[in-house]
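To keep things clear, I will list the structure first and then write my remarks on it.
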Amino acid sequence: MHYKINTYGCQMNVHESERLAKSLEKLGFTSTEDNNFDIIVFNTCCIRDTAEQKILGHIGKLKKIKRANPKLIIAIVGCMSGQKGKAEELLKKYPYIDIILGANNLESLENAIINLQQKHQKTICVPTDEKPEVIENIEYTRTSMPNAWVNIMYGCNNFCTYCIVPYVRGRERSRKPQSIIAECKSLIENGYKEITLLGQNVNSYGNDFADKSIDFAGLLERLAQIEGDHRIRFMTSHPKDLNEKVIDIIAKYDTLCKNIHLPIQSGSNNILKAMNRHYTREKYLEIVSKIREKMPHCGITTDIMVGFPNESEQDFEDTMDIVNTVRFSGAFTYIYSPRKGTPASEMEQIPYEIKSNRIQRLIKLQNQITKDLSKNYEGNVYRVLVEDIKDNGQLCGRTDCGRLVTFSGDKSLIGSFKNVFITRSQSASLFGTITEDK
Ligand code: SAH
Ligand code: SF4
Ligand code: F3S
């Protein structure tokens, strides 16, 4: 019996698919990349309409496959499934779906399959409880050695007016610090070299503990002190909550990567207010200065959205201006997509042509900045974790500040840290050779 998991969306989903894989393996399924699967799981995303449409297209294609093999099990799980009314809509349109689970109901997968096999019963389980219990000791089938993901918290309390995440993932719940530390220690002992801590807003870690015994800075410090040759990253930071204490801890420990993903969304104070982001462009610039003052080479990356309701040309110019001022080492840029049930979807929308024109201008600007910044790496040596081998036989890995580097070497080097001399750059890519020099 074989399983296949199609993962859409963010790192959180990538990691949760490792959990789904474990559940399936416990039931005796083995993974396949071919089309000989007995169960297919879609771990879905609904952050933008484009994500959703793509997934719906893929579900549509399963109709033929199910007709040819009626025993095939089809499970649609994750964020998209958990939207209000979505399960009913999916079943009506695609009656051949067997299992639908929300992002907070993934633990039900095993029982859902057993019910289907033994009693021919479909399972539909989407969030009803906004604050489900945090489950500790979840098992994963990890496939990303030497990198490992570790969830430190679930859900989100921020309700940015454009965003669907709080509706499909529920309120913020932090994992116990002892469990997180134990998990990280065990990963490091088992040879993992890089751990990425995950949460929608890692800076509010611990806010939900009644005794306020630990915050994100406290957790980071305890993780930084774990012995071993490894490093730690985290995402995502919300600018309203990233404080000086966290910046100081990152600066203090070599094990903490000098790399902060700090989504700005917009450079216009009007728009930031309408987005319910709780910071201004001035506050954002202040955080960037503090980071750079303590860690001049810290990589700062961001997410930017264009075309939010009522975004004027001046608002957009404010975004272009802040991008020019900060000079991000990388930016994910998005066109605003109205999400049903969110406040922004009820606001006055702006025409697609304007959004499309703005995103093109923004991408052009950021590409130029990325290209210019890449030049600064040439001629210098960086410590790189060798992470993978590409199809062309070249090794690749990232610097501490998060830049991807490609270089020659044997694949036995995967999982080790090497000093790499950067010989040339091409837009966001850096190329180099392994060197003994520091
Ligand atoms: N919790 C993280 C990331 C959430 S989703 C954070 O707060 O930063 C990742 C990115 O998708 C967001 O930063 C935002 O830029 C983008 N995004 C979220 N909702 C969107 C929407 N409705 N339309 C377009 N982009 C969106
Ligand atoms: Fe969405 Fe905002 Fe929460 Fe991020 S912080 S997940 S953008 S509501
Ligand atoms: Fe991630 Fe998409 Fe859900 S971005 S949190 S998988 S809606």
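Along the sequence shown, the residues carry numbers beginning at 1. Hydrogens, waters and symmetry mates play no part in the numbers below; they use all other heavy atoms, side chains included. Each ligand, and each atom within it, is numbered from 1 in the order the structure gives.
With ligand atoms numbered from 1 in the order given, ligand 1 contributes 9 (C), 10 (C), 12 (C), 13 (O), 15 (O) to contacts under 4.0 Å with heavy atoms of Asp303. Distances below 4.0 Å separate heavy atoms of Ile335 from the following atoms of ligand 1: 23 (N), 24 (C). Each of the atoms 22 (N) of ligand 1 lies under 4.0 Å from some heavy atom of Arg339. Interface of Tyr334 with ligand 1, defined as ligand atoms under 4.0 Å from a residue heavy atom, comprises 10 (C), 11 (O), 15 (O), 16 (C), 25 (N). Ligand-side atoms of ligand 2 in range of His238: 5 (S), range being under 4.0 angstrom from any heavy atom. Residue Arg277 approaches ligand 2 through these ligand atoms, each under 4.0 Å from one of its heavy atoms: 2 (Fe), 7 (S).
Within 6.0 Å of the CG atom in Asp391, the count of heavy atoms belonging to other residues, nucleotides or ligands does not exceed 12. The number of heavy atoms from other shown groups lying within 6.0 Å of CZ (Arg173) is above 12. Counted within 6.0 Å of CG on Asn190, heavy atoms from surrounding residues, nucleotides or ligands total more than 12; the atom is thus considered enclosed. Other residues, nucleotides and ligands contribute over 12 non-hydrogen atoms within 6.0 Å of the CG atom of Asn36. For Phe332, the CZ atom counts as loosely surrounded, since its 6.0 Å shell holds 12 or fewer non-hydrogen atoms of other residues, nucleotides or ligands. Applying the 6.0 Å contact sphere to NZ of Lys212 captures more than 12 heavy atoms from other residues, nucleotides or ligands. Heavy atoms of other residues, nucleotides or ligands lying less than 6.0 angstrom from NZ of Lys122 number more than 12. With a 6.0 Å radius and a threshold of 12 heavy atoms from other residues, nucleotides or ligands, Glu133 has its CD atom at or below the threshold.
Counting heavy atoms closer than 4.0 Å to ligand 3, residue Arg169 contributes side-chain atoms (C-beta onward) but none from N, CA, C or O. At a heavy-atom distance under 4.0 Å, only side-chain atoms of Arg277, from C-beta outward, approach ligand 1. At a heavy-atom cutoff of 4.0 Å, ligand 3 is contacted by the side chain of Gln200 but not by its backbone. Contact annotation: for Phe159 versus ligand 2, heavy atoms closer than 4.0 Å belong to the backbone alone. Contact annotation: for Pro166 versus ligand 2, heavy atoms closer than 4.0 Å belong to the side chain alone. No part of Asn201 comes within 4.0 Å of ligand 2, judged by heavy-atom distances. In Met305, neither the side chain nor the backbone holds a heavy atom less than 4.0 Å from any atom of ligand 2.
Closest protein heavy atom to atom 1 (Fe) of ligand 3: Cys10 SG, 2.3 Å. Nearest protein neighbour of atom 8 (S) of ligand 2, counting heavy atoms only, is Cys160 N, 3.4 Å. Atom 2 (Fe) of ligand 3 has its closest protein heavy atom at Cys45 SG, 2.4 Å. Among protein heavy atoms, the minimum distance from atom 3 (Fe) of ligand 3 is reached at Cys79 SG, 2.3 Å. Looking only at heavy atoms of the protein, atom 6 (S) of ligand 3 is closest to Asn13 ND2, 3.3 Å. Remark: minimum distance from atom 3 (Fe) of ligand 2 to any protein heavy atom is reached at Cys156 SG, 2.3 Å. Atom 15 (O) of ligand 1 has its closest protein heavy atom at Gln265 OE1, 2.7 Å. In terms of protein heavy atoms, atom 19 (N) of ligand 1 is closest to Tyr162 CD1, 3.3 Å. Protein heavy atom at the shortest distance from atom 8 (O) of ligand 1 is Pro263 CG, 3.1 Å. The protein heavy-atom contact nearest to atom 5 (S) of ligand 1 is Ile47 CD1, 3.5 Å. Ranking the protein heavy atoms by distance from atom 1 (Fe) of ligand 2 puts Cys163 SG, 2.3 Å first. Among protein heavy atoms, the minimum distance from atom 22 (N) of ligand 1 is reached at Ser337 O, 2.8 Å. In terms of protein heavy-atom proximity, atom 7 (S) of ligand 2 is closest to Tyr162 OH, 3.3 Å.
A centroid separation of 6.0 Å or more is found between the aromatic rings of Tyr162 and Tyr336. The six-membered or imidazole ring of Phe37 lies away from that of Tyr3, with a centre-to-centre distance of 6.0 Å or more. Aromatic ring centres of Tyr140 and His15: separated by under 6.0 Å.
Considering Thr141, Thr7, Asn6 in turn, Thr7 is the only one that fulfils the side-chain hydrogen bond (donor to acceptor under 3.5 Å, both in side chains) rule with Ser17.
Taking a cutoff of 4.0 Å between a charged side-chain nitrogen and a carboxylate oxygen, Glu89 and Lys86 qualify as a salt bridge. Between Asp248 and Lys294, at least one side-chain nitrogen of the basic residue sits less than 4.0 Å from a carboxylate oxygen of the acidic one, meeting the salt-bridge criterion.
Residue nearest to atom 4 (C) of ligand 1, selected from His261, Gln200, Arg48: Gln200 (by heavy-atom distance).
In this structure a side-chain-to-backbone donor-acceptor pair under 3.5 Å is missing from Arg339 to Val165.
In summary, no N, O or S atom of Cys46 is located under 2.8 Å from atom 3 (Fe) of ligand 3.
Ligand 2 lies out of reach of Gln265, whose nearest heavy atom is not under 4.0 Å from it. Contact annotation: Thr236 has at least one heavy atom less than 4.0 Å from an atom of ligand 1. No heavy atom of Asn201 sits closer than 4.0 Å to any atom of ligand 1.
Side-chain contact of Asn310 with Glu348: a donor-acceptor pair under 3.5 Å is absent, judged by distance alone.
Atom CD1 of residue Ile74 and atom CD1 of residue Ile97 lie 7.0 Å apart, to the nearest 0.5 angstrom.
Under a cutoff of 6.0 Å and an axis angle of 45°, Arg403 and Tyr377 form a cation-pi pair.
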